[in-house]
Each structure stands twice: as structure tokens, then as C-alpha cells.
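Below: one structure, written as C-alpha cells.
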Amino acid sequence: MTYQLKNPNPAAKYRAVFRCISGCPGEYPLNDIIYQCPKCQDLLEVVHDVEPLRMTPPDEWKDIFDSRFMRTSWPYGSGVWGKKEFVCPDVLDENIVSTCEGGSNLFWAEQLGYKWGLKDLWVKLCGNSHSGSFKDLGMTVLVSMVKQMRHEGKNVPAVACASTGDTSASLAAYCAAAGIPAIVFLPKNKVSSAQLVQPLAHGAITLAIDTDFDGCMEIVKQITSRNNIYLANSMNSLRIEGQKTISFELCQQFDWAIPDLIIIPGGNLGNVSALGAGFDMMEALGLTTKRPRIVVAQSAAANPLYLAYKDGWNFHPVAARPTLASAIQIGNPVSVGKAIRTLQKYDGIVEQATDAELADAAARADRTGMFNCPHTGVALAALIKLVERGQIGPRERVIVISTATGLKFTDFKVAYHSGALAGIASDRANRPVELPNDYDAVRQAIDQRA
């Protein structure tokens with residue numbers, strides 16, 4: 001049978017713009033260099049004209065997305081650009097910068113679910129992506145728009161971000177693929193060596209600042225506002241547009257069935273905003289008829305959303321303390337308003353985990369075939385607490401979003417298994433057994449451990 005790419009109604013003229021999340025009047029083209037509402041300074045969001053999208057029935061959209069998914073027709077094989085009409089219709093195909101992002105493994109955590117009393121537990125391995133994290137889903141859209149703007153003659157000399165590691169790696173990779181200069185601001189000595197080497201390898205201008213992520217964020221906002229350098233952090237709503245496709249993809253991988261509950265680690269909180277935006281759009285266009293519950297998991301050392309949840313959503317920034325979950329060591333998340341709005345709509349819960357809890361949860365999951373980053377450990381530790389409190393039923397379909405590959409955090413893994421994590425009992429440490437070159441000694445060691 002000859003493969004044929006399916007397409008939507010050719011008469012439809014798709015359109016999307018920026019609008020203020022607080023409802024201020026006015027709209028702004030997606031190729032404008034703008035991140036906040038000029039009237040109230042709140043964040044913007046991408047809003048689609050739904051009428052052209054409704055010209056294609058929901059079941060046809062599902063067929064279209066399925067026909068494109070992970071195929072070779074450029075650029076629609078990408079898990080993001082296969083939903084181009086729902087994401088960023090303004091970018092010309094020739095300006096799209098893609099690494100075939102998306103399409104990451106949905107891991108059936110059968111053994112882990114059995115041990116924890118869950119029959120339908122899945123882990124979405126977003127780290128199985130080009131730069132090793134879910135940030136690729138948003139960065140492909142942002143860098144593609146920058147390439148489009150430069151194609152149109154706009155003066156965008158470079159793209160910059162503050163990062164705890166994964167954003168900088170993704171930005172550097174996509175900018176290198178596009179031939180666009182990248183500048184990354186990292187908190188000095190607070191990212192893993194594997195994360196640091198990624199922007200270095202891709203040729204990005206890499207600045208290690210003696211501060212934390214929140215301090216880097218303040219500097220990058222000043223640099224981008226004064227020098228026409230494009231901002232790539234999640235306060236830029238184009239990132240959210242790409243990241244929202246994870247919601248589509250989860251449903252697509254379950255033949256368009258909706259999971260009961262999704263747990264996602266939260267730092268700067270663009271990810272939970274994106275998750276909600278994806279489900280909002282599918283519901284508005286009739287692709288779905290129910291909503292999942294959404295849980296955000298935070299490190300106890302950087303837990304402003306958790307504290308707000310416990311205080312009736314009364315949010316105050318905190319001074320983030322050091323944590324093994326370094327990518328979410330953020331005390332003043334820029335997307336908190338969007339995140340709270342999402343959680344209020346999706347019967348949301350916020351839970352926290354200590355470093356000891358996340359290290360133990362990650363190690364337990366690793367024993368069932370995964371290789372988890374510490375941030376996924378936070379989500380898994382939150383899951384354990386919810387199960388123990390009876391807030392998750394044994395037959396509910398539960399998805400844990402794993403945001404990055406554990407291969408970026410081998411220092412964390414080595415330290416755990418060597419018992420070198422300060423203040424943490426490595427109860428599931430598995431150390432190598434050193435032996436002489438002797439058959440009997442080897443056989444005896446195997447018999448003792450088998």
C-alpha cells in the first residue's frame with residue numbers, strides 16, 4: 001500500500017496571535033519581539049482562531065495527525081510539526097528547524113506499578129529526544145520563528161536564555177542547526193557536567209554567572225530587552241506552543257483515550273501550563289471529551305507553588321535552596337500565573353519531595369528498567385505519597401512525565417550508588433564487587449548475590 005500524507009481542509013486559513021493572559025485588549029503577531037502585555041506587564045499566550053480549525057472535523061484531525069506521526073514527510077514527521085496548524089501556522093516549512101522531536105517512548109511501568117499498587121502506570125520518557133529533555137518540544141517552535149523573522153529581514157542578532165541546564169542544551173542545539181548565534185546564562189557550579197558540555201559543544205556563548213537561576217533570569221531579561229536579542233525562556237509563549245503537543249501525543253499514543261492523572265515536575269512552570277494548553281485546545285475542538293487531573297511535583301527545597309497550593313493559591317516567591325533536582329531549583333517561576341490557572345481548571349494537586357525521597361524513588365524505578373533523572377524522581381516520590389494517601393485509585397491510568405534523560409545526571413547516580421550523597425541513606429545502592437582474577441572467587445561472589 002502506498003503511504004499518503006493526509007491534509008486538512010485546503011480552504012482553511014489558519015491564524016494565531018499573542019494575547020494577554022489577563023484579558024487586556026489587543027493582539028500581537030507571532031513574529032513580533034514581545035513577551036509581556038504592554039498594558040499590564042502580565043505574560044502573553046498564543047491564541048488560535050478556532051473557526052478555520054473547525055472546518056476539519058475532529059476525527060479527521062486525528063487521522064491527519066496519525067498519518068503524519070514519525071513519518072518522513074518534512075517537517076510533519078515531527079511530533080510537534082505534525083500538529084503545525086494547532087501550533088504555529090505562521091512559519092513557512094522552509095524555515096522550520098526540527099530534529100524530529102517528539103515521538104518519545106511511553107514506557108509501561110509494569111513492575112513499578114505492581115510494586116506500588118497501580119495496574120496502569122506509564123512514564124513518558126521525554127528525555128529520549130535530540131538534546132535529552134522535553135525542552136526540545138518548545139525550542140523547535142521558538143527557533144523556527146526566529147529563523148522566519150530573520151528571513152523576513154528583522155534584526156535578531158542572537159537568541160538567549162537563562163537555564164538550569166536543559167534549556168541551554170536545547171537552545172544551543174537548535175540554534176546550531178539553524179546557523180543562529182546562541183547565548184546561555186547558567187548558574188555557576190549548579191548544573192551537571194553533562195548539561196554544561198552540551199552548549200559548549202554546540203558553540204554557544206556560555207556564561208557561568210555566580211548566582212542561582214532566578215539571578216540568571218533577571219540578567220537575561222535585561223540583556224534581551226536592551227539589545228534586541230531574542231528571549232528563549234518559557235515566559236516566551238512560543239515555547240509553550242511546542243510543549244503543549246505532549247498532551248496531544250499522550251492521547252495519540254493511547255489511540256486518543258485520555259489518561260486519568262498526569263504527574264509532572266515543576267520548576268519555572270511552563271511545562272504544566274503547556275500541558276493544560278494542549279488539553280484545552282483538544283477539548284475546544286472536539287478531539288477530547290474529558291479532562292485528566294494534573295499533579296505538579298516540586299522539590300521541597302524550591303517549593304513556592306506547593307506553598308501557594310497549601311495557602312489557597314496565595315503565591316509568594318521563595319529563596320530556592322540547593323537540591324539534587326537542580327533543573328527545578330527555582331524560587332520565583334515566571335509562569336506561575338498560567339500554572340495556577342491550569343491547576344484550578346484540572347482539579348490540580350501540588351506535592352513536594354525531599355532529596356532523600358527523590359533519590360529513593362529514582363533508585364526504585366531504576367530497578368525496574370528505567371534510568372531516571374532526579375526531577376523524575378521528584379514526580380515519582382510525589383506519586384508514592386498520593387497512592388499512600390488514597391488520592392489515586394489502583395485502576396486509574398497514571399502518566400508520569402520524565403522530563404530528561406538520566407544520562408545527563410550520571411554524577412547523581414554514581415554518588416547514590418557509592419553512598420556519597422550527603423545526608424542520604426543509599427538503601428538501594430548497588431556497588432561493583434572487586435575480585436581477583438580467580439574462578440572460585442568469582443563463582444562465590446555470584447552465589448552470594450544471586
Side-chain angles (χ1 to χ4, degrees), residues 3-10 12-17 30 45-104 106 124 126 129-130 134-145 148 170 174 237-259 262 270-271 273-288 292 399 401:
Y3 165 72
Q4 184 175 1
L5 183 73
K6 296 181 180 179
N7 292 302
N9 191 321
K13 304 297 181 185
Y14 304 108
R15 179 175 177 268
V17 295
L30 298 188
E45 61 186 346
V46 176
V47 177
H48 290 258
D49 183 354
V50 297
E51 293 311 314
L53 293 167
R54 285 176 175 152
M55 292 172 67
T56 299
D59 285 344
E60 287 190 28
W61 277 122
K62 293 176 185 179
D63 288 342
I64 289 165
F65 295 154
D66 287 343
S67 78
R68 296 170 172 177
F69 191 57
M70 307 308 291
R71 307 291 271 191
T72 57
S73 298
W74 176 266
Y76 299 103
S78 157
V80 173
W81 295 107
K83 289 93 175 170
K84 182 183 178 184
E85 298 86 356
F86 284 54
V87 174
C88 193
D90 304 65
V91 175
L92 299 175
D93 284 359
E94 55 265 35
N95 289 326
I96 288 175
V97 185
S98 174
T99 62
C100 202
E101 51 286 314
S104 57
L106 189 58
K124 179 65 169 163
C126 296
S129 189
H130 181 70
F134 79 100
K135 300 295 178 69
D136 292 352
L137 299 175
M139 207 59 73
T140 181
V141 177
L142 185 141
V143 175
S144 296
M145 180 56 76
Q148 174 83 17
S170 186
Y174 279 86
S237 296
L238 289 174
R239 283 267 308 278
I240 304 303
E241 282 304 284
Q243 289 169 205
K244 80 181 184 187
T245 59
I246 192 172
S247 303
F248 288 81
E249 195 168 294
L250 284 173
C251 297
Q252 193 172 15
Q253 289 176 307
F254 283 120
D255 296 324
W256 298 101
I258 313 300
I262 301 170
N271 51 6
S273 311
L275 194 65
F279 282 108
D280 284 349
M281 193 167 192
M282 285 190 287
E283 182 179 350
L285 291 166
L287 277 73
T288 60
I399 313 293
I401 305 295

Mind checking what makes side chain to side chain donor-acceptor pair (under 3.5 Å) contact with Gln148, not counting sequence neighbours? Asn95, Glu152

Only distances under 3.5 Å count here; give the side-chain donor-acceptor pairs of residues 135-144 to other protein atoms, sequence neighbours excluded, each with its distance to 0.1 Å.
| residue | atom | partner | partner atom | Å |
| --- | --- | --- | --- | --- |
| Lys135 | NZ | Thr167 | OG1 | 2.7 |
| Asp136 | OD1 | Ser131 | OG | 2.5 |
| Asp136 | OD1 | Ser170 | OG | 2.7 |
| Asp136 | OD2 | Ser129 | OG | 2.8 |
| Asp136 | OD2 | His130 | N | 3.1 |
| Asp136 | OD2 | Ser131 | N | 2.8 |
| Asp136 | OD2 | Ser131 | OG | 3.4 |
| Thr140 | OG1 | Trp81 | NE1 | 2.8 |
| Thr140 | OG1 | Val97 | O | 2.6 |
| Ser144 | OG | Val97 | N | 2.8 |
| Ser144 | OG | Thr140 | O | 2.5 |

Can you list the residues that meet the side-chain contact (heavy atoms from CB on, under 4.5 Å) rule with Glu51, with sequence neighbours excluded? Asp49, Arg54

List for me each residue that meets salt bridge (charged side-chain N to carboxylate O under 4.0 Å, His left out) alongside Glu60, sequence neighbours excluded, and say none if there are none. none

Who passes side chain to side chain donor-acceptor pair (under 3.5 Å) against Asp280, sequence neighbours left out? Lys345, Tyr346

Counterpart residues, ring-ring contact (aromatic ring centres under 6.0 Å, His included), relative to Phe248 (two or more places apart): Phe86

Can you name the residues that form a side-chain contact (heavy atoms from CB on, under 4.5 Å) with Asp66, not counting sequence neighbours? Gln252, Trp256

So among Arg68, Lys13, Arg15, which one has a salt bridge (Lys or Arg N to Asp or Glu O under 4.0 Å) with Glu85? Arg68

Who passes side chain to side chain donor-acceptor pair (under 3.5 Å) against Glu241, sequence neighbours left out? His48, Lys244

Just checking, any donor-acceptor pair under 3.5 angstrom between side chains of Glu283 and Thr288? no

Which residues pass the side chain to side chain donor-acceptor pair (under 3.5 Å) test with Lys124, sequence neighbours left out? Ser104, Glu249, Gln253

Residues forming a salt bridge (charged side-chain N to carboxylate O under 4.0 Å, His left out) with Asp63, sequence neighbours excluded: none

For Met70, check side-chain contact (heavy atoms from CB on, under 4.5 Å) against everything at least two apart and list the hits. Cys100

Who pairs with Ala284 by side-chain contact (heavy atoms from CB on, under 4.5 Å), at least two apart in sequence or on another chain? none

